[in-house]
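A short write-up of the structure that comes next.
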Amino acid sequence: MLNLKKVQKLFLLFLVASIFIFIPLESTNAFINLLIPFVGDAVESEMGKAISSGIVYVISWFIGIIIGTIPNIGASILAFVLGSDFINYSGAENEVVQSGWEIVRNLANAALIIGLVIIAINIILGREEGQAKKTLVNFIIAAILVNFTPVICGFIIDGSNILARSFVVDGISGDILTKIGEAQTAAQGVQDVGRAVGNLIFILIFSIVSFWVYILYSILFVARAIILWILIIASPIAVATKVFPKSNTIKKFFPSILFWDEWVENFVQWCIIAIPAGLFIFLANKSMTLIALSPLTSTSDDTSIITNTMTALFEYMTPLIILIAGFFITISSGGAVAAPIGNLGRKALDTVKGAAVNTAKSAGAAAGTWTKEGVIGTAGALAQKKNPIYFDNRDSGRMSVENAKEKVVGWGRRNVKERLHFGKDQDYKTRSEKADKELTEKPEDYLKGDNAADVEKEVEMAQQRISIAEKQGDKEKVKKMKKALGLAMLNNKNISDERIEQFEKEFEVQMGDVINKMSSSETSKNLKDSALQRSSVARSLDVKQVKNIFRNGSTQQQNALLRGAKSIDLSKNPIGTAEYDRDVNAKTMIIGALRTNILERKRGSSLGAPTVAKSLNTALKDVKKEIADKQAKKYINTTKEQRVAIDAEIKTLKDKELDLKNKRAKL
Amino acid sequence: MKIVNGNIISFLGEIILTYRLEKEIIDKSFNYLENSNKLEKALSLFFNDRVMERIDKGENPEDFHPLLRLRLIIDDLINNNISYEDLPLLIKEKLGVSLLIANEISSSIEDNEDIKKLRNEEDTEEIEEYLDSKEAMVKEKTIGYELLK
């Protein structure tokens with residue numbers, strides 16, 4: 001029975017949704033403008049106007065103090081760190097750097113002498129002489145370079161500074177600050193209370209964002225200067241480590257930036273980090289100047305709220321978006337070394353974003369959420385052929401829409417670089433090397449993605465690599481790669497059984513045999529729940545493997561194996577055929593071996609197995625294990641006398657075993 | 001540890017169906033007709049949507065499935081952890097049937113030749129596993145390994 005109230009509710013929901021969804025922006029704008037006079041009646045009178053102007057003035061005065069101060073502070077700090085006095089101070093001519101460097105150089109020379117002694121000993125003893133002579137050449141180069149590192153580092157730093165400074169020769173543009181001042185004055189002059197307060201809040205948020213962006217860039221440049229000092233100081237030791245082999249022991253003596261590889265990586269990244277930062281500040285300056293020359297915002301009261309807000313949003317946000325995007329691109333070019341500053345930026349942006357979103361939410365949450373969810377739920381329920389009148393059906397509809405949305409958004413959320421196939425991770429060489437390495441060394445890392453199209457691409461890449469290895473005639477490698485790819489495909493839920501069959505056919509590999517040859521512990525380690533729920537896998541396992549999964553596997557693996565066994569279709573093969581027998585055996589074996597930890601506990605307590613029988617069985621098992629132990633130890637580094645003694649012990653244990661068996665039989 | 005074979009599973013399934021203990025664990029699709037063999041029937045007592053749903057919800061099959069509960073008792077029996085005399089009380093307790101029915105089930109289990117045979121067989125699996133692990137511990141190329149090979 002349809003409930004009348006629910007019908008009314010649905011009709012209202014439809015009506016409100018239609019207004020917001022089907023009526024175009026202009027009409028919505030007109031609708032809002034239509035509402036404003038009703039609300040504004042109260043302030044239409046002269047007295048009302050005076051009061052409203054007073055309120056706006058007081059609010060704008062408070063906000064104005066904040067707006068007028070914080071972006072200026074941020075801009076001044078950034079202007080200082082971009083100035084030639086500061087940016088050039090990151091060079092080697094600094095006194096702190098010079099004294100620190102001298103101490104480290106002396107230490108590096110000492111380390112080099114130890115290295116020379118090791119090389120000499122190796123040459124004298126004739127041990128790995130060729131390698132020692134090669135190292136001697138490195139030693140001579142390092143010994144010379146150690147004394148010139150400040151000059152070399154200074155040359156590279158100066159190069160990057162010149163490039164960065166060419167972008168930011170004028171520091172940060174003040175145009176945006178002028179715009180903020182103008183906007184604030186305009187807001188105070190607006191008679192419409194709603195618009196004035198709205199504009200002021202918007203400018204306030206904008207000021208906070210711009211302050212943070214300036215501060216983040218400032219932190220980046222200050223950190224760059226200090227870290228470059230430290231790197232110059234550490235440079236003699238880093239150069240000296242080139243003489244030593246790349247072993248873990250050496251890395252323990254020279255951790256982090258004291259070791260050549262890490263030092264070079266850090267040094268190059270911190271030098272060039274200033275260039276993209278400079279470029280984006282330059283672009284932001286340009287956009288500010290252009291906007292200042294041709295302002296988009298109209299201060300006239302005649303302009304509608306939506307048009308005014310949209311143009312203001314575009315006008316103010318363009319330079320800031322360039323700066324924010326530039327900041328994150330700069331940080332990503334700085335690699336792991338700049339990550340902490342990047343995190344600081346992300347946190348700050350999240351805070352500002354959160355504040356803005358919360359303000360917006362408080363204005364429109366009630367009506368918006370109710371309408372949106374109602375419409376989405378209704379549409380989803382109808383798509384599922386369910387009656388949208390009922391709440392549960394709408395909820396189910398919302399869930400289906402959410403799933404569909406996640407699918408689409410998930411697709412769009414993927415890395416743009418991956419989609420366009422550019423960047424160093426996306427070139428063929430890197431991808432093929434990655435495939436080779438993972439298939440031969442880390443098969444558990446292969447095909448970890450959850451996007452079907454990407455997974456298929458990875459499979460194709462792996463197949464190409466296997467074909468190439470086949471042509472090269474490396475049979476062992478081919479075998480390893482086929483096994484790794486087959487298992488990875490089984491473990492990935494995006495790959496269908498048909499696709500796996502196609503792979504088996506194409507590469508003449510039977511994954512059933514591969515699985516069957518695994519040890520029981522390998523089975524529970526290598527087969528994830530996505531693999532175990534395939535009927536083809538469930539029917540390939542032997543009793544030891546199944547037992548191991550029920551004994552050591554996770555609950556997900558155990559349940560997946562049960563689902564896999566369930567999906568074995570007995571009607572597929574006629575009774576009496578080998579295939580039918582195999583399928584029936586697989587299902588039977590799984591019922592026979594099924595047990596969980598909880599089950600084991602219960603068996604011990606509630607099933608109440610008689611204590612005597614249980615202790616006899618335990619004792620018997622212990623004796624058997626002891627016999628096996630003795631037999632295994634008998635031939636390992638033992639004398640003849642010891643072996644005779646072990647034989648005697650084994651005999652005693654066997655008598656004990658027989659005795660226990662007899663006792664058990666009597667029960 | 002010894003585990004039950006297809007014949008025993010088929011026999012246990014028959015017991016469940018004879019004493020109508022399957023009501024909570026099968027769905028409408030279960031076929032009572034004789035167009036499938038006994039083992040298939042016993043298997044479908046376990047591998048059906050209703051049981052899988054309960055397992056997916058986190059229930060342990062041994063908590064609700066009579067076939068599995070009966071199999072656990074038989075596990076203890078074939079591994080000599082219990083004797084035939086223990087069966088009636090255990091069956092009564094675990095399957096929730098009367099003592100009369102428990103006695104009937106016990107005597108049919110006592111008559112089952114597959115269970116008897118399995119009960120008298122030696123369980124070598126655990127020792128084999130133990131020895132395998134021991135062998136893995138002996139490093140290759142040692143004198144001990146060469147001698148044991």
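No hydrogens, no waters, no symmetry mates; every other heavy atom, side chains included, goes into these values. So you know, we letter chains A, B, ... as the sequences are listed, proteins then strands, and number each from 1.
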Does the side chain of [Y] come within less than 4.5 Å of [X]'s, by heavy atoms?
| X | Y | result |
| --- | --- | --- |
| A:R563 | B:D56 | yes |
| B:F46 | A:L594 | yes |
| A:N559 | B:M52 | no |

*Is it the side chain or the backbone of A:I575 that comes within 4.5 Å of chain B heavy atoms, both, or neither?*
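Side chain only.
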
*With sequence neighbours excluded, tell me which residues meet salt bridge (charged side-chain N to carboxylate O under 4.0 Å, His left out) with A:E649.*
A:K630

*Over 12 foreign heavy atoms within 6.0 Å of NZ, B:K116*: yes

*Atom CD of B:E121 with >12 non-hydrogen neighbours under 6.0 angstrom*: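 Correct, the count exceeds 12.
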
*Would you mind telling me which of B:L67, B:I55, B:V4 has the largest number of heavy-atom pairs within less than 4.5 Å of chain A?*
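Max contact count across the listed options: B:I55.
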
*Would you give the length of the straight line joining atom CG of A:N585 to atom CG of B:N5, rounded to the nearest 0.5 angstrom?*
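Atom-to-atom, A:N585:CG and B:N5:CG are 9.5 Å apart.
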
*What distance do B:I3 atom CD1 and A:F550 atom CZ have between them, rounded to the nearest 0.5 Å?*
10.0 Å

*For A:I591 and B:L68, work out which heavy atoms get closest and say how close.*
O-CD1, 4.1 Å

*Quick one: closest heavy-atom pair of B:F47 and A:L562, and the distance?*
CE2-O, 3.6 Å

*Just one of B:L39, B:I9, B:L43 clears the side-chain contact (heavy atoms from CB on, under 4.5 Å) bar with A:K587, so which one?*
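That would be B:L43; it is the only one of B:L39, B:I9, B:L43 passing the side-chain contact (heavy atoms from CB on, under 4.5 Å) with A:K587.
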
